Amino acid sequence: MATYQIKLDQGSCIGAASCVKVNPRAFVLNNGKASVLTSEFGDAELNKNVLAARGCPVNAIKIINKDTNKEIN
């Protein structure tokens, strides 16, 4: 089982909240910008978090495989 990490660049976030809509267990809108509720996760949440990252209109979200240190989205 791999471990993954969400990296969010809040400076780039425009508050579109697409990540929150895709996975509200991992993301929340806070003061008009996305915040990460759970930065580390396993395989069970991978698909939702990759979809959330891909849905970000400004590419502010990166999903990193912590075992390989490679970005997967």
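Note that the structure is a prediction, hence the values are computed from the model and not measured. Numbering of residues begins at 1 and proceeds along the displayed sequence. Only heavy atoms go into these numbers, but all of them, side chains included; no hydrogens, no water, no symmetry mates.
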Over all heavy atoms of both residues, which pair between L29 and A17 is shortest? Give the atoms and the distance, please.
CD2-CB, 4.1 Å

On a heavy-atom basis, the closest approach of A2 and N65 is CB-ND2, 4.3 Å

Just so I know, are the side chains of [X] and [Y] near enough to count as touching, which here means a heavy-atom distance under 4.5 Å?
| X | Y | result |
| --- | --- | --- |
| N69 | I64 | yes |
| L46 | I63 | yes |
| V58 | C13 | no |

Verify, without hydrogens or angle tests, whether T3 (side chain) and K66 (backbone) share a donor-acceptor contact under 3.5 angstrom.
no

Strictly distance-based, threshold 3.5 Å: is any side-chain N or O of K70 a donor or acceptor partner for the main-chain N or O of D67?
no

Rounded to the nearest 0.5 Å, what's the gap from [atom1] on [X] to [atom2] on [Y]? Could you check?
| X | Y | atom1 | atom2 | result |
| --- | --- | --- | --- | --- |
| S18 | R54 | OG | CZ | 13.5 Å |
| N30 | Q10 | CG | CD | 7.5 Å |
| L51 | C56 | CG | SG | 13.0 Å |
| E71 | K7 | CD | NZ | 9.5 Å |

Do you know which of L37, T38, I61 makes side-chain contact (heavy atoms from CB on, under 4.5 Å) with F27?
I61

So V50 and Y4, side-chain contact (heavy atoms from CB on, under 4.5 Å) or not? Walk me through it.
CA-CA 10 Å; V50 168; Y4 305 93; over 6 Å; no

Quick check on the hydrophobic clustering: are I72 and I6 connected, directly or via other members, by side-chain heavy-atom contacts under 4.5 Å?
yes

